[in-house]
Amino acid sequence: MNKNEKFVITINRELGSGGRTIGKLLAEKLGVSFYDKALIKELEKKFNLDKEEIERLKGSKTQWWREFINAAMYMGQNMNEMWYYQRMTGDEFHLTTTDDMFKVEKEVLEKLAEEESCVIAGRSGFYVFANHPNHLSVLIQAPMEHRIERIMKKQNLSREEAEKVINKIDDMRENYVKRFTGTSRYDTRNYNLVISMEGKTEQEAVDLILQYIG
């Protein structure tokens with residue numbers, strides 16, 4: 001990846017690994033925008049996006065994408081961290097993405113990267129930008145104990161609750177990736193760089209990525 005030209009860095013990560021924080025810190029270091037899946041979904045709601053609306057806007061409102069990016073930057077500064085699950089009833093968690101919504105998300109992400117250099121944290125970033133001419137794909141992993149302790153602290157959960165959340169989200173993310181990309185998010189062939197967070201801080205992981213970029 002050449003950081004002197006327009007680039008996109010995608011961060012795929014395990015829940016509780018600190019990958020979102022790493023992506024955000026990396027973007028700050030590089031002086032570029034940071035986008036994550038939760039933010040994109042909020043923007044889709046804000047702009048009432050669906051497959052047809054994307055196609056219409058692409059052909060008629062030339063400034064819409066800039067408005068979208070400006071809104072993303074504003075919301076990114078004001079949103080609290082969001083997870084990829086929504087608490088439903090009891091102990092159940094729910095995550096639904098239709099084929100059309102995946103296509104909308106893909107269009108949005110591709111357009112964001114077309115407009116500017118950026119760091120994107122999301123489940124399918126490695127797939128969306130697989131053929132991008134200046135793309136770095138990173139996977140952030142961590143031992144289960146590291147993940148449990150982080151989720152316990154951030155979400156004020158018991159150990160049992162945190163482990164249950166992690167296992168549930170792992171399954172949902174893996175099913176999502178397999179459904180829409182035909183591969184596993186654990187397949188290291190999908191990434192340029194894989195980092196284990198065992199014994200590392202988020203800043204140390206950012207430094208590793210920056211060293212890799214050169």
Side-chain angles (χ1 to χ4, degrees), residues 1-30 32-41 81 83-85 95 97 102-103 105-114 116-147 150-151 166-167 169-214:
M1 192 199 86
N2 183 355
K3 63 183 178 181
N4 296 317
E5 298 179 1
K6 192 180 296 182
F7 63 81
V8 57
I9 299 174
T10 56
I11 307 287
N12 281 73
R13 78 278 192 200
E14 293 181 312
L15 182 69
S17 66
R20 182 185 182 279
T21 300
I22 291 166
K24 191 173 182 180
L25 288 173
L26 178 63
E28 290 173 358
K29 282 283 188 179
L30 293 170
V32 301
S33 298
F34 172 74
Y35 302 106
D36 69 358
K37 205 73 168 183
L39 180 58
I40 296 300
K41 283 193 174 295
E81 182 169 350
W83 301 109
Y84 285 117
Y85 65 85
L95 180 65
T97 303
F102 176 79
K103 292 175 183 176
E105 292 171 4
K106 184 173 182 291
E107 289 265 12
V108 168
L109 293 177
E110 288 175 337
K111 190 62 179 179
L112 291 174
E114 181 183 318
E116 60 179 339
S117 293
C118 56
V119 176
I120 297 174
R123 295 162 295 175
S124 58
F126 70 87
Y127 173 80
V128 172
F129 297 103
N131 297 318
H132 190 284
N134 200 23
H135 167 223
L136 176 68
S137 182
V138 181
L139 174 64
I140 306 295
Q141 296 182 312
M144 181 58 79
E145 185 61 27
H146 175 105
R147 301 169 68 194
R150 185 179 176 88
I151 296 301
I166 289 170
N167 289 333
I169 301 306
D170 279 353
D171 286 345
M172 289 196 305
R173 287 182 173 177
E174 176 67 356
N175 290 337
Y176 175 94
V177 170
K178 283 184 175 179
R179 174 181 174 183
F180 291 107
T181 73
T183 185
S184 169
R185 70 189 186 113
Y186 299 110
D187 188 339
T188 57
R189 292 173 295 183
N190 292 318
Y191 309 98
N192 303 110
L193 184 62
V194 179
I195 297 175
S196 170
M197 291 303 294
E198 185 170 14
K200 298 183 185 67
T201 65
E202 285 87 353
Q203 187 57 60
E204 288 171 339
V206 170
D207 292 340
L208 281 174
I209 297 171
L210 291 173
Q211 289 172 19
Y212 182 88
I213 294 172

For A205 against I195, the heavy-atom pair lying closest together: O-CD1, 3.9 Å
How would you list, by chain and number, every residue that makes a side chain to side chain contact (heavy atoms under 4.5 Å, CB included) with T188, sequence neighbours excluded? V194
With heavy-atom distances below 4.5 Å as the criterion, would you say the side chains of L208 and L193 are in contact? no
When you compare the side chain of E110 with that of V128, does any pair of heavy atoms fall below 4.5 Å? yes
By side chain to side chain contact (heavy atoms under 4.5 Å, CB included), which residues pair with E174, not counting sequence neighbours? K178, S184, R185, Y186
Without swapping roles, check the side chain of R20 against the backbone of I11 for a donor-acceptor pair under 3.5 Å. no
If you take all heavy atoms of V177 and T183, which pair is closest and at what distance? CG1-O, 3.4 Å
Locate the shortest heavy-atom distance separating C118 from V32; write the atom from each residue and the value. CA-CG2, 3.9 Å
Which residue pairs satisfy the side-chain hydrogen bond (donor to acceptor under 3.5 Å, both in side chains) criterion with at least one member in residues 126-145, sequence neighbours excluded? T10-H135, E145-R159
A side-chain contact here means heavy atoms from C-beta on lying under 4.5 Å apart; do I209 and I22 qualify? yes
Under a 4.5 Å cut-off applied to non-hydrogen side-chain atoms, are S124 and F180 in contact? no
Which residues pass the salt bridge (charged side-chain N to carboxylate O under 4.0 Å, His left out) test with D187, sequence neighbours left out? R189
Given 3.5 Å as the limit, does a donor-acceptor pair link the side chain of R147 with the main chain of L15, or not? yes
Inter-residue atom distance Y35.OH - K24.NZ, 0.5 Å rounding: 13.5 Å
How would you list, by chain and number, every residue that makes a side-chain hydrogen bond (donor to acceptor under 3.5 Å, both in side chains) with D207, sequence neighbours excluded? Q203
Using the side chain to side chain contact (heavy atoms under 4.5 Å, CB included) criterion, which residues pair with K6? Sequence neighbours excluded. S117
Just to verify, what does E114 make a salt bridge (charged side-chain N to carboxylate O under 4.0 Å, His left out) with, not counting sequence neighbours? K111
Determine whether a donor-acceptor pair (N or O, by modelled atom type, separation under 3.5 Å) exists between the side chain of N12 and the backbone of G122. yes
Please identify each residue that fulfils side-chain hydrogen bond (donor to acceptor under 3.5 Å, both in side chains) with E28, with sequence neighbours left out. none
Are any of the side-chain heavy atoms of F126 and T181 separated by less than 4.5 Å? yes
Report the distance from atom NE2 of H146 to atom CD of E14, rounding to the nearest 0.5 Å. 10.0 Å
Between P143 and S196, what is the shortest heavy-atom contact and its length? CD-OG, 4.5 Å
If I compare all heavy atoms of G16 with all of R150, which pair ends up nearest, and what's the gap? O-CD, 3.0 Å
Applying side-chain contact (heavy atoms from CB on, under 4.5 Å), run through I213 and I9 and close with a yes or a no. CA-CA 10 Å; I213 294 172; I9 299 174; 3.9 Å; yes
Looking at every heavy atom in both N192 and Y212, which two are closest together, and how far apart are they? O-OH, 3.5 Å
Kindly write out the residues that satisfy side-chain hydrogen bond (donor to acceptor under 3.5 Å, both in side chains) with N167, not counting sequence neighbours, or none if the list is empty. none
